[in-house]
Every structure is written in C-alpha cells, then in structure tokens.
Amino acid sequence: MSALLLGTILGGAPAFAQQAQPAPAAPQPAVPGAGVIRSLNVTGAQRLEPDTVRSYVKLRAGEPYTQESLDQALKDLYATELFADVQIAGADTGNIVIQVRENPVINRIVLEGNKRLKEDKIRPEIKLAPRQIFTRSKARADVARIIELYRRQGRFAATVEPKMVQLDQNRVDIVFEISEGAKSKVRKINIIGNEKYSDGRLRGEMATKEAGITKIFSSGTSYDPDRLSYDQQKLRQFYLTEGYADFRVVSAVAELTPDKRDFIITYVVEEGERYKFGDVDIDSDIRDLKPETLKYLLQMKSGDWYNAKLVEDTVDAMTETAGVLGYAFADVRPNFERDKDKRTMSVTYKVADAPRVYVERIDINGNTITRDKVIRREFRLAEGDAFNGFRVKRSRDRIQSLGFFQDKLEIEQKPGSAPDKVILEANVEEKSTGELQVSAGFSSLERFIVNLAITQRNFMGKGQELRASADYSTYSKSVNLGFTEPYLFDKNIAIGGDIFRRDYNSFNYINGNDRNTTYEQTTTGFQIRAGVPLTEYVSLALRYGLSYDDVSLDRNTFYLNGQCSPLLAGRYLCDAIGQRTTSSVGYSLSFDNLNNRLRPSAGHRILFSQDFAGLGGSVKYLRTTANARKYWGLGSGFIFSLGAEGGYIHSLEKSRGEGVDKVRLTDRFFLGEPQIRGFAIRGVGPRVQRFSYDADGNLITDQNQRVDDALGGRAYYLGRAELELPLGSGARELGLRPSLFVDAGAVFGVTRPVLTDQRTTQTIPILNSAGMAQCLQADNSITTIPNVSNGLPVCPTGNLVASTIAPFSERFLGDTPKPRVSVGFGVNWNSPFGPFRIDVAKALVKQRGDDTKLFTFNVGTQF
C-alpha cells in the first residue's frame with residue numbers, strides 16, 4: 001500500500017491531497033440583489049447521494065435566493081462535518097451548482113512516540129475510530145485528550161501532532177505523533193507570610209517535594225494539581241494541631257517555567273494568633289451516656305495548646321463508645337467558643353439524642369465463589385441483635401483474616417426501615433485463593449531448591465483448605481498432604497489432618513564453609529487435629545501424631561568394623577542412630593485478637609503448647625513451648641512488633657549412659673538462621689568442635705579449619721523487635737515489605753558429652769564378620785589372622801587392612817543461657833515463585849563457638 005504523508009491536520013487551511021476526481025474549482029461571481037433558482041445540482045459527491053446533500057440546505061429550485069441564503073447554505077454544509085471543501089457556483093444565472101469534496105474515511109489510528117503511556121491507556125480516550133468520517137474538530141478534541149492524559153502524569157511538556165496519510169478510495173490513516181517530554185518537576189516551593197515556622201518545616205508537611213539529588217527516588221517531586229489542593233489541607237492541619245485556629249492559605253499558585261519543564265509553586269499564608277484550650281465540657285442527651293462517664297475520653301484540658309487533631313480523635317472515641325452501647329447513629333459534635341482577646345478556644349462536645357439501634361438485616365455483596373454462610377459465621381452480630389460498634393469492627397477483622405478478600409474491607413452501616421434499625425452491608429471483593437506453585441531457586445540454607453505445591457484455601461467456596469506439596473533440595477526432601485475443615489457440620493469446630501514423609505540430611509561445617517552431611521533422618525507419619533473456641537479470643541487445639549524415624553550415618557564414613565566409630569563420628573552422633581516410633585498427644589491454648597491474621601497491624605497473639613510423647617512408641621518426653629507477639633500501628637504505614645518465645649523439653653526416659661543426654665539429638669531445640677538472624681543455621685548453642693594437630697603436635701585452633709557439630713538443647717528462648725517500613729503504592733503492590741529488627745536468644749541445657757583427645761595417629765584394623773584381622777596379599781587376595789587386644793596384629797605376609805585416624809581434639813562449647821543479640825535490615829517479598837526473604841544482620845553479642853553470618857536469603861520462609 002502506497003501512501004503519501006501530508007501536513008498537519010489542524011492547520012488553518014485544508015492540507016489534504018486532491019481526490020482522484022476532484023470537483024472543478026470555479027470562481028463564485030457576485031449575486032445580484034435577488035434571483036430565482038432555475039436548477040440546483042450537486043457535483044463531487046462520492047459516498048453521499050445528491051439528494052442527501054441538497055437536504056442539508058434550504059435552497060430549492062423555483063424559489064428565490066440571495067447572497068445571504070447562499071452563505072447560509074455554505075455554513076449548513078460545513079456544519080454537517082461531512083465535507084472537507086464546499087463551493088457554490090452559477091449564482092449569476094440561477095443554475096446553482098453545489099461543488100463538494102467529502103471528508104475522508106478513517107482506515108486506522110496510529111500512535112507513535114508513546115512510551116510512558118501505553119496504547120491501552122490512550123485509545124479509550126480517542127473519539128476518532130476506523131471506518132468513521134474524519135473531522136478536524138474530533139481530531140482537535142483527541143489531541144486535547146491525549147495532552148490531558150500526559151498532564152495527569154506530570155508531563156506538561158508533552159506535545160501531540162496529528163498527521164494524515166492519504167490512501168486510495170478517499171481513505172486516510174491518522175497518525176498521532178507524540179513527544180512525551182520529561183516529567184515536569186517542582187523546581188521550587190515558595191512560602192510567603194510564615195513567621196512562626198520555617199519554609200523547610202512547612203515543606204516537610206507537604207506531599208509535594210522540591211526536586212533535587214536527595215529526592216531522586218521520591219514520587220512527590222512531580223507536579224500534580226490535585227496534590228496542590230491536598231498540600232493546602234496539610235498546611236492547615238499542621239497549623240491547627242499547633243494551635244493556630246485562624247490560619248488560612250490566602251493563595252496557591254503554580255507557574256510553569258518558560259521551558260515547560262518545571263513548576264514553581266508559591267503559597268501565601270496568614271498564620272494568625274496561637275490559641276489555648278479554654279473550658280472543655282460534655283453535654284449528652286443520651287441517657288446511657290452520662291457526661292461523667294465520657295470524661296475519661298477527653299484528650300485535652302484547659303490551658304493546653306489548641307489541637308484540632310485531638311478534638312477530632314475525641315469525637316471518634318465518643319462515637320465509637322456510643323456504638324458499643326448500641327447507638328449506631330449517635331451524633332457527636334464539638335461546639336467551639338472563641339475568645340480572641342484571651343486567645344482561648346472553649347469546646348463543648350454535644351452528644352445528640354439518638355435511639356438505641358438494632359440490626360435489621362445483614363447484606364453481603366460481591367461474593368461469587370465464597371458461600372454466604374462462610375462470611376456470615378464470622379459476624380459477631382446476628383439479625384435482631386442490639387447494634388454494637390465493637391462487634392462490627394471485630395466482624396470485619398475476622399472476615400479480613402480469612403484471606404479470601406481484598407484488603408480495606410469495610411462493613412457499612414445504613415439506615416433501616418425504622419429509626420431504631422440499621423442494615424449492615426459487607427461489600428467484599430474476592431481474590432484468588434488457589435495457588436499452584438512450581439519453583440526452583442537457591443537458598444543459603446538448602447542450596448538448590450525445587451518446590452511443587454498446590455493449595456486451595458477456599459475449596460469449593462466452603463472455606464476449607466486443601467494442600468499438597470513436594471520439596472526437593474540438596475539436604476532435604478518432603479511430601480505433604482493436608483486438609484482442614486474450619487466448621488465441622490456447620491459447628492464452630494475445626495478438624496484437619498496431615499500425612500507426610502520427610503528425608504532430612506543434617507550437616508556440619510568443615511573448614512568454616514564446606515558442608516558435610518552427618519546424620520540422615522527419615523520421618524514418615526501423620527497428624528490429626530481439632531480446635532474449638534472457648535471464648536471470642538481464646539481457643540483450644542488438640543492433636544495426635546504418630547511418626548516413625550530412622551536415623552542413620554554413612555557407613556563408609558563413620559563406621560569401623562560394622563560399628564559406629566566415636567573416633568570418626570563422635571559419640572554424640574553414634575548415640576543418635578537407630579529406629580524409633582513417636583506417638584504423641586498435645587494441646588495448644590491461644591489468645592488471639594489480631595486485626596488480621598495474615599498481615600496484622602494491631603493486637604496480640606499468645607500461644608501455649610504442650611506435647612506428650614509416650615502414648616505407646618519408643619520415645620517419651622514432655623515438650624512445652626510458649627509464644628507471644630504484639631503489634632502496634634504507628635501511623636503512616638509503620639508497624640512495630642515485639643515477639644517472645646521459649647520452650648523446654650523434659651525426658652521421661654531412663655539414663656542412656658555417661659555423657660549421653662536423655663533427650664535424643666533429633667528431638668532437641670536448635671537455634672540460628674532463620675530464627676535468629678545474623679547467625680548461621682544451627683549456629684547458636686551447644687556444639688562440639690573438632691580441631692586437628694599439626695605434624696609438630698600443635699593444636700590447630702583456626703576456626704576456619706574445624707569440624708563443627710551442633711548438638712541443640714533442651715531449653716531455648718528467643719525475642720524479636722521489628723519495625724516494618726512503609727513503601728510507595730507500587731512497591732506495596734509488588735508485595736515488598738522492608739523492616740528493621742533486633743533479635744536475641746539462646747539455646748542451652750544438654751548433658752556434656754564424652755570428648756576425645758587423640759594426640760597421635762591411630763591405626764585401627766578393619767575386621768571381618770568373624771572378628772578376624774585382614775591381610776591384603778600381593779595378588780589382592782585377603783587372608784585373616786587373629787586380632788590382638790593390645791597393639792596391632794602383624795601380618796606374616798601382605799599388608800594389614802586398617803584405617804588411619806589423624807590426631808584431633810574435641811571441645812564442648814556454647815552451652816550457656818547468655819543471650820546472643822543481632823541487628824539488621826530485611827525485606828519480605830511475596831514473589832511469583834513463593835515467599836522470599838533477604839536479611840542483612842550483624843551479630844552484636846555472641847558466645848564462644850557461635851557461627852555468625854552477615855547475609856542470608858531464604859525461599860519459603862516468612863516471619
């Protein structure tokens with residue numbers, strides 16, 4: 001297709017190519033004072049019929065005409081926007097000829113140069129469309145709309161030049177050439193009239209910021225007219241909280257610099273005088289709300305500097321208190337009395353009379369998958385109950401904690417059919433509750449990780465959770481199937497179960513960094529559990545679990561003569577091997593008033609658990625743990641939390657020998673990454689370190705040349721303080737949550753193991769199944785000789801088959817309750833391939849033998 005690029009569309013004169021058969025141009029002679037139309041013909045029309053063209057004018061054959069009527073006919077034809085050019089000839093003879101050139105038909109609309117705004121944002125705003133008739137007015141309107149879109153993005157230097165590409169059959173392509181320009185920044189913010197506070201202090205209260213190197217990552221440096229109005233409100237709020245009740249913004253002007261790149265904003269303000277609170281009183285018309293019972297809600301007293309925010313907070317507190325007592329529509333209004341001479345502001349809180357309100361109906365909208373009963377059973381109010389604002393808030397928190405709906409859920413209160421009735425309306429917006437996760441990654445804990453998981457947290461819209469997962473990494477493998485029914489037979493009883501198989505390879509560090517597999521643990525089992533609420537916030541969970549464990553060591557590495565060698569493995573590892581069955585029953589008692597179980601920002605949770613193993617099986621112990629966490633929303637997106645936990649395991653078995661702890665190695669508590677950041681995995685607590693002797697008999701104490709085995713402990717404690725930092729809306733949508741933290745904890749309490757100090761090289765004969773020493777002959781055949789109790793047997797011929805163990809010394813370290821402390825910075829990311837956590841932490845306090853680590857990242861671990 002050949003096309004000719006013509007000039008701009010919006011020029012004063014038409015800039016279009018001639019038609020294939022253009023209407024002949026003819027001069028229009030002057031018309032005498034009056035005449036009669038003898039004939040009325042139309043030429044140049046292609047798509048339109050001549051009669052259609054004639055219908056747009058008031059000229060008719062046989063009727064008189066004047067110059068004014070001909071001029072009006074031209075205006076009427078142009079007003080149809082169907083024609084690019086119109087001329088009238090033959091006015092001197094009465095044989096009128098209307099010569100037209102039709103506007104072209106649009107073939108397609110092309111956008112060029114738009115990078116910051118994608119086509120799906122621009123095209124809905126364009127009124128011109130393919131197969132429509134082109135008109136200049138629509139083109140001008142589309143240019144204005146596109147420019148307005150860019151101005152909303154802060155790009156006031158953007159320009160749009162529409163062009164036309166002429167095609168055959170009177171068709172055209174419309175091309176909008178867009179020059180986006182740089183984003184318009186705020187170069188300077190001037191404030192005139194402020195005496196009490198500096199320009200910098202006031203600029204700090206504004207959402208708009210001056211562009212500069214220090215604000216290179218700030219989104220507030222772009223000019224936004226809506227933000228200009230918002231900043232005026234922010235200035236007024238600031239002054240009102242500081243006591244300046246007469247403050248006002250006289251004017252706010254934004255001037256575009258000549259290069260159209262930046263703005264200069266100038267505010268003119270009047271601060272006025274500073275006021276203090278005068279008399280503060282309460283006047284209540286509601287019988288159940290006596291003024292003396294509400295006075296504890298007052299956050300100010302006479303003589304304090306006036307603060308409008310305190311007044312607003314007090315109104316909210318009184319309204320909420322009235323709602324708790326059943327007055328859903330209580331009207332609390334502060335009445336002000338200003339004394340300009342004394343510069344005081346007296347406030348009287350007027351609580352207007354209102355009827356006690358009852359819930360007439362509960363409406364739920366927006367749930368297309370989740371069944372109504374799943375939402376209704378979380379309501380703490382039923383239809384017909386007396387309204388209670390606290391219970392409405394609690395209902396909102398419980399529904400939000402389900403995790404089935406988008407954030408910012410609100411339960412609206414609407415007037416019912418009578419003044420004493422209210423309708424509660426929950427407008428929910430469902431989100432995806434099914435997760436299919438197929439991921440591969442690398443973790444500093446587990447090396448390479450492959451994960452396949454399928455989870456449906458709202459199975460068939462019934463609120464049930466169904467899950468299946470398989471994990472594979474260098475050091476662990478697991479398969480897990482689970483199901484949870486939160487309301488059994490529509491009763492507030494939760495029941496669930498899991499079936500699992502886990503293969504775990506424990507490890508130690510050799511030479512500081514290299515990892516070496518020590519024992520292998522295979523666990524197969526199941527657990528069933530049930531839970532019931534005791535009160536609104538207290539619940540009880542019961543569980544029973546049965547598992548079979550097989551703990552083994554590599555026979556080629558740690559065995560001699562068919563037995564685990566304490567010289568090769570250490571006695572503490574030899575004591576851990578074997579098969580055993582654990583049959584345990586347990587319970588958990590919890591108090592939970594978090595406002596959101598998934599992303600809490602207020603409330604606390606306390607959990608106390610005990611598990612008794614010994615209901616059959618070969619393992620007997622009592623494990624007790626406690627965990628508490630509290631959250632505070634500090635405003636502006638900051639969330640502060642404190643957490644503490646601890647545990648103790650008491651063995652119910654008999655002594656297992658000297659230097660052998662009654663609690664088995666695989667049942668103990670371990671601490672390190674990721675529980676306490678800044679330390680390596682299992683890097684805190686009791687451990688045995690093995691150091692070698694050099695050729696001169698000197699012990700090599702270099703920490704980077706050691707074997708390090710963590711033993712765990714029977715007791716532990718852990719504390720954490722964390723501050724979650726707010727980010728912009730874009731980062732929040734990506735699921736990024738940075739935080740600062742302090743961790744402290746310790747694990748301790750294990751029987752001191754029997755240690756070995758071997759100062760010479762030891763050679764141990766390798767015996768056959770009959771306990772005979774073996775001699776290797778020249779032809780690689782084996783002969784046997786009796787073993788001796790002292791020294792080494794001597795082969796009469798051939799070489800003795802033996803194992804040589806280099807000299808070494810073992811040390812027992814880290815068994816102390818003294819705290820380990822670390823500080824750091826971390827980022828949680830709910831990435832498409834699973835939860836992802838990065839931490840940079842520095843160990844401030846450590847004990848001898850601890851292993852520290854500065855940088856860690858984990859896939860699938862959240863705090």
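For this chain, numbers begin at 1 and follow the sequence in order. What you see below is based on every heavy atom in this structure, not just the backbone, and it leaves out hydrogens, waters and symmetry mates.
Remark: side-chain polar atoms of Thr852 are not paired, donor with acceptor, to backbone N or O of Gly678 under 3.5 angstrom. Without hydrogens or angle criteria, Asp839 side chain to Ala841 main chain gives no donor-acceptor distance under 3.5 Å. Put simply, the side chain of Ser583 never gets that close to the backbone of Leu546: no donor and acceptor are under 3.5 Å apart. Remark: side-chain polar atoms of Gln527 are not paired, donor with acceptor, to backbone N or O of Phe500 under 3.5 angstrom. In this structure, Arg720 contributes its side chain and Gln675 its backbone to a donor-acceptor pair below 3.5 Å.
The structure places OG of Ser590 at 10.0 Å from CD1 of Ile606, a figure rounded to the nearest 0.5 Å. In this structure, CD on Glu485 lies 11.0 Å from CD1 on Ile493, to the nearest 0.5 angstrom. The structure places OG1 of Thr522 at 9.0 Å from NZ of Lys477, a figure rounded to the nearest 0.5 Å. With rounding to the nearest 0.5 angstrom, the OG atom of Ser539 is 7.0 Å from the CG atom of Leu534. Atom CG in Leu792 sits 9.0 Å away from atom CD1 in Ile764 (nearest 0.5 Å). Separating the CG atom in Leu622 from the NE2 atom in His650 is a distance of 7.5 Å, to the nearest 0.5 Å.
Geometrically, Arg752 does not engage Phe812 in a cation-pi contact, judged by NZ or CZ lying under 6.0 Å from the ring centre and within 45° of the ring axis. For the pair Arg543 and Tyr587, the cation-pi criterion (under 6.0 Å, within 45° of the ring axis) is not fulfilled. Figure legend: Arg811 and Phe691 shown as a cation-pi pair, the cationic atom lying under 6.0 angstrom from the six-membered ring centre and within 45 degrees of its axis.
You'll find the side chain of Asn480 stays beyond 4.5 Å of the side chain of Ile499, heavy atoms only. Taking the side chain as every heavy atom from C-beta outward, Arg848 and Asp850 never approach each other to under 4.5 Å. Using a 4.5 Å heavy-atom cutoff, the side chains of Ser588 and Phe608 are not in contact. Contact annotation: the side chain of Val585 never approaches that of Asp611 to less than 4.5 Å [non-hydrogen atoms, C-beta and beyond]. Inter-residue side-chain proximity for Arg820 and Phe679 is flagged as met; some heavy-atom pair is nearer than 4.5 Å. Side-chain contact check for Asn593 versus His604: some heavy-atom pair is nearer than 4.5 Å. In this structure, the side chains of Gln758 and Leu567 come closer than 4.5 Å at one or more pairs of heavy atoms. By the 4.5 Å heavy-atom criterion applied to side chains, Ser547 and Phe526 are not counted as neighbours.
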Take Tyr621 and Ser584 through the test side chain to side chain donor-acceptor pair (under 3.5 Å) and record every step on the way to the result. CA-CA 9 Å; Tyr621 62 74; Ser584 66; 5.3 Å; no
Worked check of side chain to side chain contact (heavy atoms under 4.5 Å, CB included) between Arg467 and Leu481: CA-CA 6 Å; Arg467 57 194 176 276; Leu481 299 174; over 6 Å; no
Going through the checks in order, is the side chain to side chain donor-acceptor pair (under 3.5 Å) test met by Arg629 and Ser641? CA-CA 7 Å; Arg629 196 76 184 255; Ser641 63; 3.2 Å; yes
Between Thr624 and Phe612, is the side chain to side chain contact (heavy atoms under 4.5 Å, CB included) condition met? List the steps. CA-CA 9 Å; Thr624 303; Phe612 169 72; over 6 Å; no
Dump the intermediate steps for side chain to side chain contact (heavy atoms under 4.5 Å, CB included) on Tyr717 and Phe748, then the final yes or no. CA-CA 9 Å; Tyr717 66 88; Phe748 54 93; 3.9 Å; yes
Decide yes or no on side chain to side chain contact (heavy atoms under 4.5 Å, CB included) for Phe808 and Thr756, but give the supporting numbers first. CA-CA 8 Å; Phe808 66 88; Thr756 302; 3.8 Å; yes
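Here Asp757 pairs with Arg759 in a salt bridge; the nearest charged N to carboxylate O distance falls below 4.0 Å. With respect to Arg677 and Asp743, a salt bridge is recorded, a charged nitrogen being found less than 4.0 Å from a carboxylate O. Salt-bridge formation is detected for the pair Asp503/Arg501: a Lys NZ or Arg NE/NH1/NH2 atom is positioned less than 4.0 Å from an Asp or Glu carboxylate oxygen. A salt bridge links Arg398 and Glu536; the closest N-O separation between the charged side-chain nitrogens and carboxylate oxygens is under 4.0 Å. In this structure, Arg687 does not pair ionically with Glu810, as no charged nitrogen and carboxylate oxygen lie closer than 4.0 Å. A salt bridge links Arg737 with Glu724: the distance from a Lys NZ or Arg NE/NH1/NH2 to an Asp or Glu carboxylate oxygen falls below 4.0 Å. Using a cutoff of 4.0 Å between basic side-chain nitrogens and carboxylate oxygens, Asp498 and Arg529 are scored as salt-bridged. A salt bridge links Arg664 with Glu653: at least one charged nitrogen is closer than 4.0 Å to a carboxylate oxygen.
When all heavy atoms are compared, the tightest approach of Leu711 to Pro753 is CD1-CG, 4.1 Å. Nearest heavy-atom pair across Asp815 and Gly749 is OD1-N, 2.7 Å. Nearest approach of Asn595 to Pro600, heavy atoms of both residues: OD1-CA, 3.5 Å. Nearest heavy-atom pair, Val742 versus Val823, reported as atom, atom and distance to 0.1 Å: CG2-CG1, 3.7 Å. Looking at every heavy atom in both residues, Val840 comes nearest to Phe741 through O-CZ, 4.3 Å. For Gly745 against Ile676, the heavy-atom pair with the smallest separation is N-CD1, 3.6 Å.
Checked against Pro686 for a side-chain contact (heavy atoms from CB on, under 4.5 Å), the options Thr751, Val747, Asp709, Leu813 give a single hit: Val747.
When only modelled atom types and interatomic distance are considered, Gln521 and Asp549 share a side-chain donor-acceptor pair under 3.5 Å. Looking at Tyr716 and Glu645, their side chains do bring a donor and an acceptor atom within 3.5 Å of each other. A donor-acceptor contact under 3.5 angstrom links the side chains of Glu722 and Ser739, judged on distance only.
By the 6.0 Å contact criterion, CD on Gln563 is open, its count of non-hydrogen atoms from other residues, nucleotides or ligands being 12 or less. Heavy atoms from other residues, nucleotides or ligands lying under 6.0 Å from CG of Leu568 number more than 12.
Partners of Tyr537 under the ring pair (Phe, Tyr, Trp, His ring centres under 6.0 Å) rule, at least two apart in sequence or in another chain, are Phe591.
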